[in-house]
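Sequence lines set the chain letters: A, B, ... in the order given, protein chains first and strands last, and positions in each chain run from 1.
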Amino acid sequence: MAQKPTIPKGTRDFIPATMIKRSYIFDTIRSVFQLHGYLPIETPAMETMETLMGKYGEEGDRLIFKILNSGDFHTNITSKNLAEDSAAQLANKLCEKALRYDLTVPFARFVVQNQNNIKFPFKRYQIQPVWRADRPQKGRYREFYQCDADIIGSNSLMNEVELVQIIDAVYAKLGIAAILKINNRKILTGIAEVIGEPDKIIDITVAIDKLDKIGIENVRKELIDKGLSNESITKLEPIIQLDGSIQEKIDSLSTILKSSEIGMKGIEEISYIISIIDSLPKTIEIDFDISLARGLNYYTGAIFEVKARDVEMGSICGGGRYDDLTGVFGLPHVSGVGISFGADRIYDVLEQLDLFPQNITETTNVLFLNFGDTEAKLSMQYLIKLREHTISCELYPEPAKIKKQMQYANDRNIPFVAILGEEEIASHKITLKNMKTGEQYSIKNNELISNIQNHLSQ
RNA sequence: GUGGAUGUAGCUCAGUUGGUUAGAGUACUAGAUUGUGGUUCUAGGGGUCGCCGGUUCAAGCCCGGUCUUCCACCCCA
């Protein structure tokens with residue numbers, strides 16, 4: 001009996017109509033990357049466990065898809081291992097490879113391994129799928145594409161500015177009204193210092209990142225759970241709830257963080273970035289959001305996050321600066337900064353807001369009907385000529401009923417049908433049918449290309 | 001990993017207090033129309049009612065388990 005086919009949880013098939021829309025997103029992002037001088041690379045779908053584990057925090061390790069070793073993977077597992085090892089320890093014995101979790105860590109590995117083949121500062125873009133063993137839900141998949149642009153080997157804040165310009169250009173091209181939130185990890189570190197809890201920086205950032213979502217009361221509860229003193233929380237609350245213009249927030253924080261050297265460095269950085277962005281034309285809205293933390297532990301400077309304004313969806317772009325990501329792979333003191341567009345969420349946003357352009361659905365421009373062997377052979381001559389003029393065209397592969405061939409053209413959304421039957425051949429003519437208007441007319445066979453070109457350019 | 005919903009034709013879904021042979025729309029195939037698509041009409045094919053077990057004379061419907069998908073939490077693109 002035939003089994004019912006399925007695909008793994010959180011994965012998807014893409015039909016042609018969907019792929020055309022997805023390609024539109026990838027093409028748009030890629031063209032913006034290239035326009036800013038970024039170069040393409042690719043890395044393998046799988047990395048060694050060593051490369052990935054421990055780079056994304058404890059939660060991240062759990063969400064990495066591990067690949068079972070080939071062959072006799074069980075021979076070095078004892079019953080003692082089974083009884084006593086943690087799941088993570090067992091996984092380490094059974095798996096030496098895993099699917100990549102993002103594009104940034106593999107990129108760091110790539111940079112170290114290929115440091116003699118690339119020119120610094122190195123600007124690369126990378127558009128590939130990543131995998132996370134998360135529970136799927138709205139806007140969240142287990143296999144999804146990231147579109148990353150990173151620049152590594154340069155400390156200049158001009159790189160941050162350039163990435164903001166890229167973000168602005170991408171969303172402007174796609175027609176998405178977006179808001180870019182900026183913060184700086186050094187400011188968060190500074191805040192942790194001045195409230196007297198420098199060791200709790202991770203707990204603090206994770207908690208205040210949720211301020212928007214769960215409110216100040218629940219943030220306070222979470223911080224108490226994590227062991228912060230009441231005194232520290234009392235100091236923290238007015239800081240993370242600072243309101244006003246970007247400049248007002250910067251001014252307030254300059255006073256608050258005066259005693260923290262690293263905090264003041266963060267203020268200096270964000271002021272610089274924002275002052276330059278302000279002087280440039282842009283369509284995206286910019287906000288300095290003190291509660292923006294982002295989970296990834298490796299960020300050390302600027303952090304970015306983009307959300308669509310008119311639709312409820314997680315972030316559609318994220319990124320930041322990391323000062324020493326390559327250090328763990330043996331290349332210390334190389335700073336990088338990058339952003340990552342979530343193509344699948346961008347798709348969902350465009351779909352929900354009906355923002356896909358109308359004209360990206362057509363593929364073939366002309367379909368030749370098939371009247372039999374003789375006529376089909378003759379049609380081939382015209383197909384070749386049309387293709388020489390980059391007009392996409394095809395011949396219906398078998399001499400089916402005309403009704404069926406017409407229906408095929410209709411279903412495929414092909415705008416023109418060329419009819420080359422016995423009558424046309426005898427009179428050296430071709431009948432063209434415009435499938436949108438239903439209009440049908442006869443032309444001389446040497447007028448075919450100019451006629452189609454005229455219609456397509458209208 | 002935690003909690004809540006869900007599952008009936010390829011797709012979207014009806015299906016009464018449990019009662020003969022499970023329906024509709026859409027899609028598909030053919031015909032009305034032998035060289036013409038979209039609209040219309042007619043006919044046809046297509047279902048182990050997610051899976052396993054239980055209750056019952058009788059289960060798509062009730063009960064238990066399991067899987068799937070979706071939603072939320074954690075976390076994240």
Side-chain angles (χ1 to χ4, degrees), chain A residues 1-13 15 25 29 56-64 87 100-104 127-148 167 202 205-207 209-210 213-214 218 222 293-297 304-308 312-320 338-349 367 369-372 375 396 399-425 431-440 442:
Chain A
M1 200 210 307
Q3 59 173 336
K4 205 172 192 177
T6 54
I7 53 174
K9 185 201 290 260
T11 63
R12 296 151 301 156
D13 284 330
I15 59 172
I25 295 171
I29 293 172
Y56 310 103
E58 202 178 318
E59 178 76 5
D61 283 356
R62 195 169 63 79
L63 297 179
I64 291 172
R100 73 166 97 78
Y101 177 87
D102 71 357
L103 300 179
T104 305
I127 298 176
Q128 288 191 277
V130 303
W131 294 268
R132 296 184 186 176
D134 213 346
R135 279 250 176 127
Q137 53 180 282
K138 185 177 183 171
R140 171 175 300 189
Y141 310 99
R142 287 184 141 184
E143 178 182 58
F144 61 96
Y145 272 75
Q146 290 192 329
C147 311
D148 276 33
I167 290 170
I202 300 277
T205 54
V206 168
D209 195 35
K210 298 178 203 160
K213 220 169 177 179
I214 63 176
N218 292 313
E222 185 161 333
R294 297 189 54 79
L296 292 174
N297 299 327
F304 306 111
E305 181 167 293
V306 180
K307 289 200 167 189
E312 197 56 45
M313 181 72 64
S315 69
I316 50 177
C317 180
I339 50 171
S340 178
F341 291 90
D344 302 79
R345 284 188 180 171
I346 290 173
Y347 182 98
D348 292 344
V349 169
L367 176 77
L369 297 192
N370 190 326
F371 287 91
E375 292 89 341
Y396 195 86
K401 286 184 179 166
I402 302 308
K403 179 188 170 90
K404 188 169 178 170
Q405 301 192 42
M406 282 288 183
Q407 197 155 356
Y408 177 80
N410 192 54
D411 294 345
R412 281 276 314 272
N413 239 326
I414 295 172
F416 291 97
V417 167
I419 300 170
L420 187 62
E422 219 177 322
E423 295 167 23
E424 285 84 359
I425 292 173
T431 302
L432 269 182
K433 176 159 184 169
N434 182 326
M435 294 298 280
K436 276 173 195 150
T437 62
E439 176 195 6
Q440 184 169 312
S442 181

Worksheet, complete the sentence: Residues at least two apart in sequence or cross-chain that pass side-chain hydrogen bond (donor to acceptor under 3.5 Å, both in side chains) with A/Y347, listed by chain then number, are A/E351

Discussion item. Show me the dot-bracket string of RNA chain B, counting Watson-Crick or G-U pairs under 3.5 Å, with | for pairs to another strand and [ ] for crossing ones.
Written reply: (((((.(..((((.....[...)))).(((((.......))))).....(((((..]....)))))).)))))....

Item to complete: For A/E423, enumerate each residue passing the side-chain hydrogen bond (donor to acceptor under 3.5 Å, both in side chains) test, keeping only those at least two apart in sequence or located in another chain.
Response: none

Practice prompt. Could you check A/I7 against A/K210 and say which one's nearest nucleotide on RNA chain B is further toward the 5' end?
Written response: A/I7

Discussion item. By the 4.0 Å heavy-atom rule, please label A/C147 as base, sugar-phosphate, or nothing.
Written reply: nothing

Practice prompt. Using the C1' atom on both, measure B/A24 against B/A14 and round to a whole Å.
Written response: 7 Å

Worksheet item: Is A/F144 stacked on the base of B/A77, meaning ring centres closer than 5.5 Å and planes within 30 degrees of each other?
Response: yes

Discussion item. Side chain of A/K433, heavy atoms from C-beta onward: which of B/C76, B/U36, B/C74 has the nearest atom to it?
Written reply: B/U36

Worksheet entry | Listed partners of A/R62 passing salt bridge (charged side-chain N to carboxylate O under 4.0 Å, His left out), at least two apart | A/E59

Worksheet item: Considering only side-chain heavy atoms of A/E59, which listed nucleotide, B/C75, B/G37, B/C71, is closest?
Response: B/C75

Discussion item. Going by the rule ring-ring contact (aromatic ring centres under 6.0 Å, His included), which residues pair with A/Y396 if we only count those two or more places apart in sequence or in a different chain?
Written reply: A/Y408

Discussion item. Give me the distance, rounded to whole Å, that separates B/C70 from B/G31 when you measure between the P atoms they each carry.
Written reply: 41 Å

Worksheet, complete the sentence: Rounded to the nearest 0.5 Å, the CD atom of A/E143 sits from the CD1 atom of A/I7 at a distance of 9.0 Å

Practice prompt. Using the C1' atoms only, state how far B/G44 lies from B/A27, rounded to an integer number of Å.
Written response: 14 Å

Practice prompt. With sequence neighbours left out, write down each residue that passes side-chain hydrogen bond (donor to acceptor under 3.5 Å, both in side chains) with A/E375, or none if nothing qualifies.
Written response: none

Worksheet entry | Non-neighbouring partners of A/F416 that pass ring-ring contact (aromatic ring centres under 6.0 Å, His included), sequence neighbours left out | A/H455

Worksheet item: Which nucleotide in the set B/C70, B/U69, B/A77 lies at the smallest distance from any side-chain heavy atom of A/P136?
Response: B/C70

Discussion item. Using atom C1' in both nucleotides, what's the gap between B/G50 and B/G7 to the nearest angstrom?
Written reply: 6 Å

Enumerate all atom pairs, one protein N or O and one N or O from nucleotides 40-44 of chain B, separated by less than 3.5 Å.
none

Worksheet item: To the side chain of A/K401, which of B/G31, B/C75, B/C76 is closest?
Response: B/G31

Discussion item. What is the distance, to the nearest angstrom, from the CG atom on A/D411 to the P atom on B/G38?
Written reply: 9 Å

Discussion item. Could you check whether the side chain of A/Q405 and the base of B/U36 have a donor-acceptor pair of N or O atoms closer than 3.5 Å, going by distance alone?
Written reply: no

Discussion item. Restricting to ring-ring contact (aromatic ring centres under 6.0 Å, His included), what partner residues turn up for A/Y145, sequence neighbours left out?
Written reply: A/F26

Worksheet item: Mind checking what makes side-chain hydrogen bond (donor to acceptor under 3.5 Å, both in side chains) contact with A/S315, not counting sequence neighbours?
Response: none

Practice prompt. Return the nearest nucleotide to the side chain of A/I402; candidates are B/U69, B/C74, B/U36.
Written response: B/U36

Discussion item. Using a 6.0 Å distance limit plus a 45 degree cone around the ring axis, check whether A/R132 lies over the aromatic ring of A/F144.
Written reply: no

Between N or O atoms, less than 3.5 Å apart, protein on one side and nucleotides 1-5 of chain B on the other: list the pairs.
| unit_1 | atom_1 | unit_2 | atom_2 | d |
| --- | --- | --- | --- | --- |
| B/U2 | O4 | A/R135 | NH1 | 2.7 |

Discussion item. Taking B/U2 as the reference, what is the distance to B/G46 when you measure between their P atoms (whole Å, please)?
Written reply: 44 Å

Worksheet item: After noting the C-alpha distance and the side-chain angles of A/K210 and A/E222, does the key distance pass the salt bridge (Lys or Arg N to Asp or Glu O under 4.0 Å) rule?
Response: CA-CA 10 Å; A/K210 298 178 203 160; A/E222 185 161 333; 2.9 Å; yes

Worksheet item: Which value, in whole Å, describes the distance between the P atoms of nucleotides B/U8 and B/U68?
Response: 16 Å

Worksheet entry | Listed partners of A/D61 passing salt bridge (charged side-chain N to carboxylate O under 4.0 Å, His left out), at least two apart | none

Worksheet item: What integer distance in Å separates A/D209:CG from B/C76:C1'?
Response: 10 Å

Fill in: Closest to side chain of A/S315, choosing from B/A77, B/G37, B/C75
B/A77

Practice prompt. Just call it for A/Q407: base, sugar-phosphate, or nothing, with non-hydrogen atoms closer than 4.0 Å on any strand.
Written response: sugar-phosphate

Practice prompt. Report yes or no: is there a donor-acceptor pair, N or O only, under 3.5 Å between the side chain of A/E375 and the base of B/G35?
Written response: no

Discussion item. Taking B/A30 as the reference, what is the distance to B/U66 when you measure between their P atoms (whole Å, please)?
Written reply: 47 Å

Discussion item. Between B/A22 and B/A9, how many Å separate the two C1' atoms, rounded to a whole number?
Written reply: 11 Å

Worksheet item: Is any NZ, NE, NH1 or NH2 atom of the basic residue among A/D134 and A/R140 found under 4.0 Å from an Asp or Glu carboxylate oxygen of the other?
Response: yes

